[in-house]
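The structure appears below as structure tokens.
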Amino acid sequence: SGGGGGVLKQQVFTTSGSVDLTSLGIEDGDVIGLFLVGGGRGGEQYKGGQGSDIWSGSVTVGTAGTATVVIGAGGPAGTGGGTTYIENGGIPSTYQSSPGHIPGGRGGESQTTENPGGAAGFGHGGIGYAGYTSVPSAPANTGHGGGGSGYSNAYGGVGGSGIAIIYYS
């Protein structure tokens, strides 16, 4: 009787697309978990980019169907990243207004600082000084902020793109 203990399945999205929730065995009224990470902000002069905010929580599926998944792009130098979200397919449009918001890490402000922030290895703030004019981009699908440039805002590293994960049983 009761208690759960089952292993959750997951559907991971690293690019935008769509998924028929019923093909995953998800039915009307099922409770599923969502883990959504947007794109990180690009780095600036002597300042790493802000890591993306994260939304993690559960939702009750209305009429299960095809959901659209949008993965936020990482922001170019000095610019915020895009939003990651899932819509339609029975997923309520109000899910992100419920509890589950986790702030991303603040961008670092020196040669060695980076602010982990975020959760589960996602949404870290970028390193304050990651190079002069050759600053690497943050890894894809992490929501990390880009590294800062020692030369100008124009050379800041690009933020990491986002990711979406659906957890279901």
| Does the ring center of Trp55 lie less than 6.0 Å from the ring center of Tyr95? |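 Ring centroids of Trp55 and Tyr95 are less than 6.0 Å from each other.
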Spell out, as yes or no, whether a donor-acceptor pair under 3.5 Å connects the side chain of [X] to the backbone of [Y].
| X | Y | result |
| --- | --- | --- |
| Tyr46 | Gly150 | yes |
| Gln45 | Tyr151 | yes |
| Asn153 | Glu44 | no |
| Asn88 | Ala67 | no |
| Ser161 | Gly39 | no |
| Ser18 | Thr68 | no |
| Arg41 | Gly78 | yes |

Note, [X] side chain near [Y] side chain (heavy atom, < 4.5 Å):
| X | Y | result |
| --- | --- | --- |
| Thr66 | Leu21 | no |
| His124 | Thr142 | no |
| His101 | Asp53 | yes |
| Thr14 | Ile71 | no |
| Asn141 | Val37 | no |

| said: Can you tell me which residue among Val19, Ile165, Ile163 is in a side-chain contact (heavy atoms from CB on, under 4.5 Å) with Phe13? | reply: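 Result for side-chain contact (heavy atoms from CB on, under 4.5 Å) with Phe13: Val19.
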| said: Can you tell me if Tyr155 has over 12 outside heavy atoms packed within less than 6.0 Å of its OH? | reply: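 For Tyr155, atom OH is not crowded (no more than 12 foreign heavy atoms under 6.0 Å).
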